[in-house]
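Worksheet: one structure, shown below.
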Amino acid sequence: FFLISFKVIVTGTINSFTFSEKSGFQLDELSTEFNYNSKGASLKNLSLNTPQTTLQDNILMTYPSIESLTNNLENLTLDADLKDSKLGFKDVLLLVPELNSNDIFRNNPNAIVNFNATIKGKLDNLKIDRFNASGIGKTKVDINGTITGLPNIDTSFFDLTILNFESTSKDIHSFTPKNTIPNNIQLPEKFNVKGNFKGSINVFETNLDLKSSLGNAIVEATFDQSRKNNEKYNAETSVENFDLGKFIKNNQFGKVTANATINGRSLDPSTATAKLTSKIVKARFNEYNYNNININGTIDNGLFVANASSTDPNLNFVLDAKGSSNSDKPTVDLKMNIELVDLNKLNLHAGPLKMRGNITANFDDLNPDNLNGTLNVNNFLVALEKEQFPLDSISIRAISNLEKDSIILKSQFVNGLISGNYKLSTIADQLTNSISKYYQLDKKYVSNKENQNLDFEFIIKDNQITKKIIPGLTE
């Protein structure tokens, strides 16, 4: 019995090689010093050219065995140094037509990616000394760093420095599947990001500096979502002259300059423990520039404490609130002292109208289908252009139990009562649906077995203050 083994070693030099294939692939030039054996392959002084692709310099691969490339790809070792190279997507799609289903290739079938790459190490411990690429639209990327754990992306660890990443709204839409970006979001026409990323997909820390056509932002954050409902996060963010209105496609908003710090545990409001500190330095809304608004708060297992204040010359207030964010029975106890609100200067009223006073709210249940609590407006002073006058208290009380639901309004302008068995979360749709049975509306009538009913009565009082605040109001 004899055991005979052979070692296959192939070495040589290709001075010039060309061919064309009936699928359309055309190789204009190939020259290299090559070596192949059972544990590796190398291409030195490589020069490969097609009408779209150029690969040049050196590629070395080693592996324990040919079989390991299938079963243990992480043991593959790379040593690649490709300079002034380019990769044509047309060539890639001819060789791997399945990639046509990928959004990047499908939307950019004729793209030619120019790149330089110096990559060394085992696949599960790669060192990227240099990788820069461009050629898909106006997108450019330049990174270096290390990646451990490949080919399993979910458990891989990345330590990357983003020297430069710039792109455009048009490019990002071509890279991503349809409807990935919501219709009400407008990405910046162009943007540039620099910074770093260290960690895995589930646990990471990052420091990013964004400059864009919509404004600038800085983010320093750590995030750990390795345990569901027990996520940990810490972030410091700031935005400078960021055009929020264009970003959310709402022209009521304008540019915002603000900063915020948040750290906590859990993304579920009912179990979260977190602390927020933030300041709106300036923000444009409804053609008015708001200044110096502070919003701070804490939440501890669903129990929150929130504080807000503003020293804007036309909106000066202090707000304190506490309650529960429990989804089954949210509560709030709120006190707000308004030192001044100038509705005319804020572009919220056509003529001169200033107010000051106190607002209190106490709700044992904020669930709209089981609303229980009171809202009171007290000690209000209203100032018009040439006169001012105090207001009597305004009270709104909501009661909900198994027998009936009701909302009671009392004020010097109007008294009202809504009572019955209804759900505030759906009553508007139900009313629209009922009316559409008799009148043509945008929504067609749909039979509904859920019965709701309500009675309402409002008495508008003949009050001189009402006529002064709303001059166009006539009997």
Side-chain angles (χ1 to χ4, degrees), residues 1-14 25 27 30 32-46 48 53 55-83 85 87 89 91-105 113 115-133 141 143-162 175 196-206 223-228:
F1 177 78
F2 295 96
L3 179 63
I4 301 175
S5 63
F6 296 93
K7 290 185 178 180
V8 178
I9 300 176
V10 180
T11 63
T13 300
I14 299 174
F25 182 79
L27 180 63
L30 172 62
T32 185
E33 299 171 14
F34 67 89
N35 179 290
Y36 169 79
N37 59 59
S38 60
K39 293 190 176 183
S42 67
L43 298 172
K44 295 182 179 180
N45 298 317
L46 170 68
L48 182 152
T53 297
L55 299 177
Q56 53 190 19
D57 270 5
N58 304 303
I59 302 175
L60 170 67
M61 294 186 297
T62 60
Y63 37 80
S65 65
I66 296 295
E67 292 77 14
S68 70
L69 294 177
T70 302
N71 302 320
N72 302 102
L73 190 58
E74 65 274 10
N75 291 323
L76 171 68
T77 299
L78 292 173
D79 187 347
D81 188 9
L82 297 172
K83 299 176 182 177
S85 297
L87 182 65
F89 278 16
D91 290 338
V92 176
L93 291 172
L94 285 172
L95 298 173
V96 192
E98 305 86 56
L99 286 175
N100 194 46
S101 61
N102 180 280
D103 289 283
I104 296 179
F105 285 92
V113 178
F115 69 95
N116 293 276
T118 303
I119 302 173
K120 298 179 180 181
K122 292 176 65 175
L123 190 61
D124 65 355
N125 188 15
L126 277 182
K127 182 180 180 182
I128 304 171
D129 289 327
R130 174 180 62 165
F131 180 81
N132 56 64
V141 60
I143 64 172
N144 62 39
T146 60
I147 305 175
T148 58
L150 290 174
N152 190 333
I153 293 292
D154 292 335
T155 58
S156 293
F157 187 91
F158 304 84
D159 188 354
L160 301 176
T161 298
I162 305 169
F175 298 161
N196 57 63
F197 180 96
K198 187 175 183 178
S200 66
I201 293 175
N202 291 316
V203 183
F204 63 83
E205 60 183 74
T206 187
F223 185 55
D224 180 350
Q225 60 174 353
S226 57
R227 295 176 58 190
K228 187 177 181 180

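Model, not experiment: these values are computed from the prediction.
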Please table the atom pairs, donor to acceptor, closer than 3.5 Å between any side-chain atom in residues 120-128 and protein atoms at least two apart or in another chain.
from   : atom 1 : to    : atom 2 : distance (Å)
Lys122 : NZ     : Asn75 : OD1    : 3.4

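- Taking 4.5 Å as the limit, some side-chain heavy atom of Leu82 sits within range of a side-chain heavy atom of Ile59.
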From CA spacing to verdict: side-chain contact (heavy atoms from CB on, under 4.5 Å), Ile119, Asp129: CA-CA 6 Å; Ile119 302 173; Asp129 289 327; over 6 Å; no
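- Put simply, CG on Leu94 and CZ on Phe25 are 7.5 Å apart, with the number rounded to the nearest 0.5 Å.
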Please report the C-alpha distance between Asn144 and Phe131 in whole Å, then the side-chain angles of each, then the deciding distance to 0.1 Å, and finally whether the side-chain contact (heavy atoms from CB on, under 4.5 Å) criterion is met. CA-CA 6 Å; Asn144 62 39; Phe131 180 81; over 6 Å; no
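- Applying the side chain to side chain donor-acceptor pair (under 3.5 Å) rule to Ser65 yields the partners Glu67; only residues at least two apart in sequence or on another chain are considered.
- Listed by chain and number, the residues in a side chain to side chain contact (heavy atoms under 4.5 Å, CB included) with Thr11 are Ile9, Asn35 (sequence neighbours excluded).
- Legend: residues meeting side chain to side chain contact (heavy atoms under 4.5 Å, CB included) with Arg130, ordered by chain and number and at least two apart, are Asp81, Lys83, Asn116, Thr118, Asn132.
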Side-chain donor-acceptor distances from residues 149-160 under 3.5 Å, at least two apart:
from   : atom 1 : to     : atom 2 : distance (Å)
Asn152 : OD1    : Asp154 : N      : 3.1
Ser156 : OG     : Gly149 : O      : 3.3
Ser156 : OG     : Leu150 : N      : 3.3
Ser156 : OG     : Asn152 : O      : 2.5

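- Residues that satisfy the side chain to side chain donor-acceptor pair (under 3.5 Å) test with Ser226, not counting sequence neighbours, are Asp224.
- A side-chain contact (heavy atoms from CB on, under 4.5 Å) with Asp79 holds for exactly one of Thr62, Leu60, Asn58; it is Leu60.
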Could you go through Thr77 and Tyr63, starting from their C-alpha distance and side-chain angles, then the distance that decides it, and tell me whether this counts as side-chain contact (heavy atoms from CB on, under 4.5 Å)? CA-CA 6 Å; Thr77 299; Tyr63 37 80; over 6 Å; no
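- Phe89 is linked by a ring pair (Phe, Tyr, Trp, His ring centres under 6.0 Å) to Phe105, counting only residues two or more places apart in sequence or in another chain.
- Pairs of residues two or more places apart, or lying in two chains, that qualify as salt bridge (charged side-chain N to carboxylate O under 4.0 Å, His left out) and include a residue from residues 94-105 are Asp103-Arg106.
- By the side chain to side chain contact (heavy atoms under 4.5 Å, CB included) test, Phe223 is found to be paired with Phe204, Gln225, Glu231, Tyr233, Leu267, residues two or more places apart in sequence or in another chain being considered.
- For the pair Thr161 (side chain) and Asn196 (backbone), a donor-acceptor distance under 3.5 Å is absent.
- In this structure Phe175 satisfies the ring pair (Phe, Tyr, Trp, His ring centres under 6.0 Å) test with no other residue, sequence neighbours excluded.
- When the side chain to side chain donor-acceptor pair (under 3.5 Å) test is applied to Asn102, no partner is found at least two apart in sequence or on another chain.
- Residues satisfying the side chain to side chain contact (heavy atoms under 4.5 Å, CB included) criterion with Leu48, sequence neighbours excluded, are Leu27, Leu30, Leu46, Thr50, Thr53, Leu55.
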